[in-house]
Participant: 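Supplied in structure tokens, the structure appears directly below.
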Amino acid sequence: MSTQPEVDFVEDELSEHTVRDYLSAHPDFFERHATLLDSLQLPHASGGAVSLVERQISVLRQKELKLEKQLKDLIEVARANDVLSAKIHELALQLLAASDLATTIMALEEAMRSGFGADQAVLVVFGDPDGFADIDAGRFFRVIEKNSDALSPFKTFLGGSSARCGQIRDAQREFLFHDDAAEIGSAALVPLSSGTEIGFLAIGSADAGRFHPGMSIDFLTRLGDLVAGALKRF
């Protein structure tokens, strides 16, 4: 008498992907099994367990807090932009009222120091220093021939057309800020006109994070264009 071998039926375990795909294909599953939501327990950061509904509420609250922070950051940026716009507008009025180069430079220096809160600022103008001997603006105003060897540390910047922000090289700091070079943590180099045709404006800060490569340079570009336009009048 022959015997048939017993066949073992092994039930395949449901994979996570299978469960996920099923729930995705049947979004009304928990509506048809509402009581299941309360019975499902999920691990919680506190070490205990919470229901799926409580977990969903917690996730939504976290998303809401994140969105609130993003909105707050956007509002702060908008307010800062409004302040900068007002300062540039005020500077434009002062530069328009200036009747000569000396008054223009004085207005710009005052704006950098008090209006824009710069720890140090230097206006570098390309030209013959003898032609500006009557301008006494202290360390703020520097006239130098564009092909001077002293400008070699700025070769890359002068070859571009956009503002540069961040930490600058020692040679650049020393050229611009002299005895105060060690106090400068970051700086913005702003070209005056395209290709630094006229010169550039350097704004230094003791805060190493004040100017950084990732910051927007829109306002710095506008400032450079404004200053360039004012200087071209003379």
Participant: Answer whether the closest heavy-atom distance between the side chains of V124 and K146 falls below 4.5 Å.
Facilitator: no

Participant: Looking at side-chain heavy atoms only, is the closest gap between R142 and V125 below 4.5 Å?
Facilitator: no

Participant: Could you check L231 against L108 for side-chain contact (heavy atoms from CB on, under 4.5 Å), going step by step and ending with a plain yes or no?
Facilitator: CA-CA 10 Å; L231 293 178; L108 180 58; 6.0 Å; no

Participant: Apart from I75 itself, which Ile, Leu, Val, Met, Phe, Trp or Tyr residues share its cluster (side-chain heavy atoms under 4.5 Å, direct or through members)?
Facilitator: L71

Participant: Determine whether the side chains of D100 and T103 contain a donor N or O and an acceptor N or O closer than 3.5 Å.
Facilitator: yes

Participant: Salt bridge or not for R173 and D180, using N-O below 4.0 Å?
Facilitator: no

Participant: Report the C-alpha distance between R79 and E76 in whole Å, list the side-chain angles of each, state the deciding distance to 0.1 Å, and finish with yes or no for salt bridge (charged side-chain N to carboxylate O under 4.0 Å, His left out).
Facilitator: CA-CA 5 Å; R79 287 174 176 170; E76 290 179 353; over 6 Å; no

Participant: Take atom CG of D149 as the centre, draw a 6.0 Å sphere, and report whether it contains more than 12 heavy atoms from other residues, nucleotides or ligands.
Facilitator: no

Participant: Quick one, I203 with F211, criterion side-chain contact (heavy atoms from CB on, under 4.5 Å). Give me CA distance, side-chain angles, the key distance, then yes/no.
Facilitator: CA-CA 9 Å; I203 307 171; F211 299 106; 3.8 Å; yes

Participant: Any donor and acceptor pair, going by atom type alone, linking the side chain of S186 with main-chain N or O of G166 inside 3.5 Å?
Facilitator: no

Participant: Using a side-chain heavy atom cutoff under 4.5 Å and only I, L, V, M, F, W and Y, what cluster partners does L67 have?
Facilitator: none

Participant: Mind checking the OG-CG spacing from S152 to L158? Nearest 0.5 Å is all I need.
Facilitator: 10.0 Å

Participant: If you take all heavy atoms of S85 and F219, which pair is closest and at what distance?
Facilitator: OG-CE2, 3.4 Å

Participant: Where do R210 and S205 come nearest, in terms of heavy atoms and distance?
Facilitator: CB-OG, 3.3 Å

Participant: Rounded to the nearest 0.5 Å, what separation is found between the CD1 atom of I135 and the CD1 atom of I105?
Facilitator: 5.0 Å

Participant: Between the side chains of R61 and E64, is the shortest nitrogen-to-carboxylate-oxygen separation below 4.0 Å, so that they form an ion pair?
Facilitator: no

Participant: Rounded at 0.5 Å granularity, tell me how far CG in L123 sits from OG1 in T104.
Facilitator: 10.5 Å

Participant: Should the ring pair F200 and F154 be called parallel, tilted or perpendicular, given that the plane angle runs from 0 to 90° and is split at 30 and 60?
Facilitator: tilted

Participant: Would you say that Q62 contacts K66 through its side chain, given a criterion of any heavy-atom pair below 4.5 Å between the two side chains?
Facilitator: no

Participant: Is the backbone N or O of P153 less than 3.5 Å from a side-chain atom of R169, with the two atoms forming a donor-acceptor pair by type?
Facilitator: yes

Participant: How close do F126 and E197 get, heavy atom to heavy atom, and via which atoms?
Facilitator: CD1-O, 4.0 Å

Participant: With rounding to the nearest 0.5 Å, note down the distance linking CD1 in I88 to CG in L95.
Facilitator: 11.0 Å

Participant: Is there a side-chain contact between M112 and L201, using heavy atoms and a 4.5 Å cut-off?
Facilitator: yes

Participant: Could you give all pairs that pass the salt bridge (charged side-chain N to carboxylate O under 4.0 Å, His left out) test and reach residues 115-127, with sequence neighbours left out?
Facilitator: none

Participant: Is the count of non-hydrogen atoms from other residues, nucleotides or ligands lying under 6.0 Å from D82 atom CG greater than 12?
Facilitator: yes

Participant: Can you confirm whether V143 sits close enough to D128 that some side-chain heavy atom of one is under 4.5 Å from a side-chain heavy atom of the other?
Facilitator: no

Participant: Could you check whether atom CD of Q167 has more than 12 heavy atoms from other residues, nucleotides or ligands sitting under 6.0 Å from it?
Facilitator: no

Participant: How long is the gap from OG on S162 to CD1 on I217, to the nearest 0.5 Å?
Facilitator: 4.5 Å

Participant: Looking only at non-hydrogen atoms, find the nearest pair between H178 and F175 and report the distance.
Facilitator: CE1-O, 3.6 Å

Participant: Could you report the tightest heavy-atom contact between G224 and V190, atom names first, then the distance?
Facilitator: CA-CG1, 3.7 Å

Participant: Is there side-chain contact between R139 and V122, with heavy atoms separated by less than 4.5 Å?
Facilitator: no

Participant: Donor-acceptor pair, distance only, cut-off 3.5 Å: does the side chain of S24 make one with the backbone of R20?
Facilitator: yes

Participant: Would you give the length of the straight line joining atom OG1 of T156 to atom CD of Q172, rounded to the nearest 0.5 angstrom?
Facilitator: 8.5 Å

Participant: Can you confirm whether L220 sits close enough to C165 that some side-chain heavy atom of one is under 4.5 Å from a side-chain heavy atom of the other?
Facilitator: yes

Participant: Give the minimum heavy-atom separation between S161 and P191, together with the two atoms involved.
Facilitator: O-CG, 3.9 Å

